[in-house]
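Everything numeric here is computed off the predicted structure, so don't read it as measured data. Nothing fancy with the numbering, it's 1 onward along the sequence.
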Amino acid sequence: MTNRITEKQLFAVCERINRTMETPLAPYARNESGQIVPCANAYMIDMAYGRYSLHQMMPEGTGERDVLGCGHLSKRDLIDRMYAFLAGVDAKSAQS
(Lines give C-alpha, C1' and ligand atoms only; values in the text may rest on other atoms or scores of the structure.)
Protein backbone atom coordinates (compact mmCIF):
# COMPACT_ATOMS: atom_id res chain seq x y z
CA MET A 1 0.00 0.00 0.00
CA THR A 2 1.36 3.41 -0.93
CA ASN A 3 1.09 6.52 1.20
CA ARG A 4 -1.01 9.39 -0.02
CA ILE A 5 0.76 12.62 -0.87
CA THR A 6 -0.79 15.62 0.87
CA GLU A 7 -0.86 19.29 -0.08
CA LYS A 8 1.20 19.92 3.05
CA GLN A 9 3.97 17.71 1.65
CA LEU A 10 3.89 19.54 -1.71
CA PHE A 11 4.21 22.90 0.03
CA ALA A 12 7.08 21.58 2.19
CA VAL A 13 9.05 20.43 -0.88
CA CYS A 14 8.30 23.77 -2.57
CA GLU A 15 9.70 25.56 0.49
CA ARG A 16 12.79 23.36 0.27
CA ILE A 17 13.19 24.36 -3.39
CA ASN A 18 12.92 28.05 -2.45
CA ARG A 19 15.54 27.61 0.29
CA THR A 20 17.87 25.68 -2.02
CA MET A 21 17.52 28.24 -4.80
CA GLU A 22 17.78 31.11 -2.28
CA THR A 23 14.52 32.67 -3.47
CA PRO A 24 11.71 34.16 -1.35
CA LEU A 25 9.68 31.57 0.54
CA ALA A 26 6.32 33.07 -0.49
CA PRO A 27 5.20 34.33 -3.91
CA TYR A 28 3.65 37.47 -2.40
CA ALA A 29 4.53 39.78 0.51
CA ARG A 30 3.38 43.08 1.98
CA ASN A 31 5.50 46.16 1.34
CA GLU A 32 6.04 49.06 3.76
CA SER A 33 2.71 50.66 2.84
CA GLY A 34 0.81 47.39 3.40
CA GLN A 35 0.20 46.58 -0.26
CA ILE A 36 0.58 43.00 -1.45
CA VAL A 37 3.38 42.75 -4.02
CA PRO A 38 4.83 39.79 -5.95
CA CYS A 39 8.20 38.34 -4.88
CA ALA A 40 10.42 37.86 -7.92
CA ASN A 41 11.67 34.31 -8.64
CA ALA A 42 9.72 32.64 -5.79
CA TYR A 43 8.55 29.08 -6.46
CA MET A 44 4.96 28.15 -5.60
CA ILE A 45 2.40 25.40 -6.00
CA ASP A 46 -0.37 26.21 -8.49
CA MET A 47 -3.64 24.32 -8.25
CA ALA A 48 -6.27 23.87 -10.95
CA TYR A 49 -8.80 21.22 -11.85
CA GLY A 50 -7.87 19.10 -8.82
CA ARG A 51 -4.27 18.88 -10.01
CA TYR A 52 -1.02 20.64 -9.09
CA SER A 53 1.95 22.28 -10.78
CA LEU A 54 5.22 23.93 -9.74
CA HIS A 55 5.32 27.55 -10.89
CA GLN A 56 7.85 30.34 -10.48
CA MET A 57 7.24 34.09 -10.34
CA MET A 58 8.93 35.96 -13.18
CA PRO A 59 11.93 38.16 -12.27
CA GLU A 60 9.91 41.32 -12.92
CA GLY A 61 7.06 39.94 -10.79
CA THR A 62 4.66 40.35 -13.72
CA GLY A 63 3.62 36.74 -14.18
CA GLU A 64 4.60 33.15 -13.55
CA ARG A 65 5.93 30.19 -15.50
CA ASP A 66 5.41 26.43 -15.35
CA VAL A 67 8.85 25.29 -14.15
CA LEU A 68 8.57 21.65 -15.16
CA GLY A 69 6.69 22.33 -18.40
CA CYS A 70 4.25 19.48 -17.88
CA GLY A 71 1.07 21.23 -16.82
CA HIS A 72 -0.98 20.21 -13.82
CA LEU A 73 -0.36 16.72 -12.41
CA SER A 74 -1.49 14.48 -9.61
CA LYS A 75 0.17 15.16 -6.26
CA ARG A 76 2.28 12.00 -6.53
CA ASP A 77 3.54 12.83 -10.04
CA LEU A 78 4.33 16.40 -9.04
CA ILE A 79 6.22 15.50 -5.87
CA ASP A 80 8.30 12.94 -7.79
CA ARG A 81 9.23 15.59 -10.37
CA MET A 82 9.97 18.15 -7.65
CA TYR A 83 12.38 15.71 -5.99
CA ALA A 84 14.00 15.09 -9.40
CA PHE A 85 14.33 18.87 -9.84
CA LEU A 86 16.07 19.11 -6.44
CA ALA A 87 18.34 16.21 -7.34
CA GLY A 88 19.38 18.04 -10.50
CA VAL A 89 20.08 21.23 -8.56
CA ASP A 90 22.13 19.26 -6.01
CA ALA A 91 24.09 17.51 -8.78
CA LYS A 92 24.82 20.84 -10.46
CA SER A 93 26.01 22.45 -7.22
CA ALA A 94 28.21 19.42 -6.48
CA GLN A 95 30.04 20.05 -9.78
CA SER A 96 30.87 23.63 -8.80
Handout entry: Summary of salt bridge (charged side-chain N to carboxylate O under 4.0 Å, His left out) pairs that have at least one residue in residues 29-58, sequence neighbours excluded
Key = none

Problem - salt bridge (charged side-chain N to carboxylate O under 4.0 Å, His left out) partners for E15, two or more places apart - result: R19

Exercise for the section: Kindly compute the distance separating SG (C14) from CD (E7), expressed to the nearest 0.5 Å. Expected result: 12.5 Å

Exercise for the section: Look up atom CG in L10 and atom CG in L73, then write down how far apart they are to the nearest 0.5 Å. Expected result: 10.0 Å

Exercise for the section: Report the residues that fulfil side chain to side chain donor-acceptor pair (under 3.5 Å) with T23, sequence neighbours left out, ordered by chain and then residue number. Expected result: N18

Handout entry: Counterpart residues, side-chain contact (heavy atoms from CB on, under 4.5 Å), relative to T20 (two or more places apart)
Key = R16, L86, V89, D90

Practice task
Answer whether the closest heavy-atom distance between the side chains of R81 and L54 falls below 4.5 Å.
Solution key: no

Exercise for the section: Can you sort out the partners of D80 under side-chain contact (heavy atoms from CB on, under 4.5 Å), two or more places apart, ordered by chain and number? Expected result: R76

Handout entry: For A40 against P24, the heavy-atom pair lying closest together
Key = O-CD, 3.5 Å

Practice task
State plainly whether one hydrophobic cluster holds both L25 and V37, where clusters connect Ile, Leu, Val, Met, Phe, Trp and Tyr through side-chain heavy atoms under 4.5 angstrom apart.
Solution key: no

Handout entry: Interatomic distance, C70 atom SG to D77 atom CG [nearest 0.5 angstrom]
Key = 8.5 Å

Practice task
Flag yes if M57 and L68 sit in one hydrophobic cluster, no otherwise; membership is Ile, Leu, Val, Met, Phe, Trp, Tyr, and two members link when side-chain heavy atoms are under 4.5 Å apart.
Solution key: no

Completion exercise
Closest heavy-atom pair, S53 versus G71, reported as atoms and distance to 0.1 Å, is OG-O, 3.3 Å

Exercise for the section: Determine the interplanar angle of the H72 and H55 rings, folded into 0 to 90°, and report it as parallel if under 30°, tilted if 30 to 60°, perpendicular if over 60°. Expected result: tilted

Handout entry: Neighbour count >12 (heavy atoms, 6.0 Å) for atom CZ, F11
Key = yes

Problem - Spacing of CD1 belonging to I45 relative to NZ belonging to K75, to within rounding of 0.5 Å - result: 11.5 Å

Completion exercise
Taken to the nearest 0.5 Å, the spacing of Y83 OH from I17 CD1 works out to 9.5 Å

Exercise for the section: Report the residue from M44, E64, Q56 that forms a side chain to side chain contact (heavy atoms under 4.5 Å, CB included) with P27. Expected result: M44

Practice task
Could I get the full list of side-chain contact (heavy atoms from CB on, under 4.5 Å) partners for Q35, not counting sequence neighbours?
Solution key: N31, S33

Handout entry: Minimal non-hydrogen separation, C39 against Y28, with atom names
Key = SG-C, 3.8 Å

